[in-house]
Chemist: 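Once you've had a glance at the structure underneath, I'll fire off some questions.
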Amino acid sequence: MAELPEVETLKRQLLAAVTGLRWDRIDVVPSSVFRTPAKTLAAALRGARLARVDRRGKVLLLGFDSDLVLLVHLGMSGQILLVPPAEPGPRHRHLVTTLEDGRTLVFRDPRRFGFIRLARTAELAGLRELASVGLDPLDPGQTWERFIHDCAGRAGAVKPLLMSQELFAGVGNIYADEILYAAHIRPSRVAATLDPVEQKQLFHAIRDILTAAIESGGTSFDEAFTDIYGRPGLYGGRLKAYGRKGEPCDRCHTRLVHARVGGRSSVFCPHCQR
DNA sequence: AGTGCGACCTGATCGC
DNA sequence: TGCGATCAGGTCGCAC
């Protein structure tokens with residue numbers, strides 16, 4: 001699924017590969033992923049030129065020269081693929097854009113948990129899709145002091161807090177497990193009970209794990225994510241907790257266990273995560 | 001403020 | 001072989 005590192009990977013690739021190109025033709029398959037009516041969206045974007053690519057948490061923002069912004073969320077099974085001319089497109093397509101050079105940009109999403117919405121730049125601040133998206137964990141404004149302050153009054157478990165998007169936009173189930181493993185903290189720990197050492201470990205783990213995952217091009221678990229060229233991310237081989245229930249902990253060799261925390265499947269080491 | 005649901009949706013996997 | 005049940009995930013909306 002696409003969390004911050006996967007969306008960041010797509011953003012960088014789209015910036016390098018397709019910015020400046022005109023969207024000559026747009027084919028849509030109307031479905032619930034469109035939060036702007038599919039045909040309206042297609043008509044509005046025809047002939048527009050892609051000028052910018054940004055990311056807010058897990059949301060990808062494609063900015064056009066015409067003051068329009070396309071918001072794309074990949075949900076858990078969404079993909080954006082750059083397909084050479086004349087190559088057949090993949091299944092479950094929702095939006096297919098033919099670029100001026102003949103290649104197509106395809107948004108597909110088998111499980112349709114993602115969404116696509118078109119907005120004007122001036123409307124962005126008021127969109128519900130961005131309303132709960134907080135600071136990026138890799139934003140320089142995300143300081144240690146702010147982090148301590150935000151954790152202090154929290155009565156809930158730390159994992160749902162990490163995944164809430166409100167404090168740290170972009171962390172989902174995979175990286176939440178990885179971050180907590182790296183920080184030696186159990187997913188069910190109440191955030192307000194973290195001592196200063198644990199707070200510091202958590203703060204650094206968030207940045208370290210996400211940065212390393214971006215460097216690997218993200219995680220492809222169950223082949224749910226690929227880059228725009230259809231290639232898997234390489235962080236999957238470096239996962240320490242997610243998807244490893246029953247396997248020995250890399251640090252202490254205790255078997256990793258599974259539990260539900262905040263309704264989410266979680267894997268952790270019962271010995272060295274406290 | 002928090003938690004814990006169900007809804008959305010499809011494909012993979014499991015038990016029979 | 002084939003069927004149905006179960007699970008996974010992000011987000012929203014709702015009840016407590």
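Numbered from 1 within each chain, the chains take letters A, B, ... in sequence-line order.
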Chemist: Calculate the interatomic distance between F115(A) atom CZ and dG10(C) atom P; express it in whole Å.
Modeler: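 One finds 14 Å between P of dG10(C) and CZ of F115(A), rounded.
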Chemist: Does Y242(A) have a side-chain nitrogen or oxygen under 4.0 Å from the phosphate oxygens OP1 or OP2 of dA8(C)?
Modeler: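 For dA8(C), neither OP1 nor OP2 has a side-chain N or O of Y242(A) closer than 4.0 Å.
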Chemist: To check you understand the geometry: which heavy-atom pair defines the closest contact between F225(A) and S220(A), and what is its length?
Modeler: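 Where F225(A) meets S220(A) most closely, the heavy atoms are O-OG, 2.7 Å.
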Chemist: Is there a side chain to side chain donor-acceptor pair (under 3.5 Å) between Y242(A) and T219(A) once you walk through the steps?
Modeler: CA-CA 11 Å; Y242(A) 182 85; T219(A) 301; over 6 Å; no
Chemist: Identify whether the distance between the nearest side-chain nitrogen and carboxylate oxygen of E166(A) and R154(A) falls below 4.0 Å.
Modeler: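 Salt bridge present between E166(A) and R154(A).
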Chemist: Counting primed atoms plus P, OP1 and OP2 as sugar-phosphate and everything else as base, spell out the protein contacts along nucleotides 4-10 of chain B at 4.0 Å heavy-atom distance: B, S or - for each nucleotide, 5' to 3'.
Modeler: ----BBB
Chemist: Grab the stems for DNA chain C, please: at least three consecutive Watson-Crick or wobble pairs, both distances below 3.5 Å, written as range with range.
Modeler: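 The stems are B:2-16 with C:2-16.
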Chemist: On the 0 to 90° scale, with breaks at 30° and 60°, tag the W144(A)-F203(A) ring pair as parallel, tilted or perpendicular.
Modeler: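 The rings of W144(A) and F203(A) stand perpendicular, inter-plane angle above 60°.
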Chemist: For the residue pair I228(A) and Q13(A), what are the closest heavy atoms and their distance?
Modeler: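 Where I228(A) meets Q13(A) most closely, the heavy atoms are N-OE1, 2.9 Å.
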Chemist: Decide, yes or no, whether a salt bridge links D27(A) with R93(A) under the criterion of side-chain N to carboxylate O below 4.0 Å.
Modeler: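 Looking at D27(A) and R93(A), the cut-off is not met.
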Chemist: Specify the separation, in whole Å, of atom CZ of F225(A) and atom C1' of dG11(B).
Modeler: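 Checked: the CZ to C1' distance equals 19 Å.
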Chemist: Provide, to the nearest angstrom, the distance between the CG atom belonging to L162(A) and the C1' atom belonging to dG10(C).
Modeler: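 To the nearest whole Å, that distance equals 15 Å.
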Chemist: Counting only heavy atoms and a strict 4.0 angstrom limit, can you tell me which residues of residues 125-134 of chain A come near DNA chain C?
Modeler: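 Under 4.0 Å from DNA chain C: R128(A).
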Chemist: For A2(A), report the nucleic acid contact type (base, sugar-phosphate, nothing); a contact means any heavy atom under 4.0 Å.
Modeler: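 Nothing, no heavy atom under 4.0 Å.
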Chemist: Please determine if a side-chain N or O atom of H73(A) lies less than 4.0 Å away from the OP1 or OP2 oxygen of dG10(C).
Modeler: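 False: H73(A) side-chain N/O out of range (4.0 Å or more) of dG10(C) OP1/OP2.
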Chemist: Quick one: which of dG2(B), dG10(C), dA8(C) gets closest to the side chain of K58(A)?
Modeler: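 The answer is dG10(C).
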Chemist: Give a yes/no on whether any side-chain N or O of Q165(A) is located under 4.0 angstrom from OP1 or OP2 of dT11(C).
Modeler: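 Result: yes.
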Chemist: Do E129(A) and R56(A) sit within salt-bridge range, that is, some charged N less than 4.0 Å from a carboxylate O?
Modeler: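 A salt bridge is absent here (no side-chain N lies under 4.0 Å from a carboxylate O).
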Chemist: If you take all heavy atoms of L256(A) and K240(A), which pair is closest and at what distance?
Modeler: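 L256(A) and K240(A) have their closest heavy atoms at CD1-O, 3.4 Å.
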Chemist: Whole Å only: how far is the CG atom of D177(A) from the P atom of dG10(C)?
Modeler: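 Checked: the CG to P distance equals 10 Å.
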Chemist: Rounding to a whole Å, what distance do you find between M163(A):CE and dG2(B):C1'?
Modeler: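 Between C1' of dG2(B) and CE of M163(A): 16 Å.
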Chemist: Roughly how many Å is it from CD1 in I116(A) to P in dT11(C), rounded to a whole number?
Modeler: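 For the pair I116(A) CD1 and dT11(C) P, the rounded distance is 16 Å.
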Chemist: Rounded off to whole Å, could you give me the NZ-to-P distance for the K159(A) and dG2(B) pair?
Modeler: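 To the nearest whole Å, that distance equals 18 Å.
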Chemist: Whole Å only: how far is the CD atom of E3(A) from the P atom of dA8(C)?
Modeler: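 Those two atoms, CD and P, are 15 Å apart.
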Chemist: Mind running ring pair (Phe, Tyr, Trp, His ring centres under 6.0 Å) on F147(A) and F168(A) for me, showing each step along the way?
Modeler: CA-CA 10 Å; F147(A) 177 71; F168(A) 305 98; 5.6 Å; yes
Chemist: Of the listed nucleotides (dG2(B), dT11(C), dA8(C)), which one gets closest to any side-chain atom of H258(A)?
Modeler: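 Nearest to the side-chain atoms of H258(A), counting from C-beta on, is dA8(C).
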Chemist: Are R244(A) and D250(A) within salt-bridge range, i.e. N to O under 4.0 Å?
Modeler: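 Yes, charged N to carboxylate O under 4.0 Å.
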Chemist: Please name the pair of heavy atoms, one in A44(A) and one in L68(A), separated by the smallest distance, quoted to 0.1 Å.
Modeler: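 Taking A44(A) first and L68(A) second, the nearest heavy atoms are O-CD1, 3.6 Å.
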Chemist: Determine, for E198(A) against R189(A), whether the closest basic-nitrogen to carboxylate-oxygen distance falls under 4.0 angstrom.
Modeler: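 Counted as a salt bridge, because a side-chain N and a carboxylate O are separated by less than 4.0 Å.
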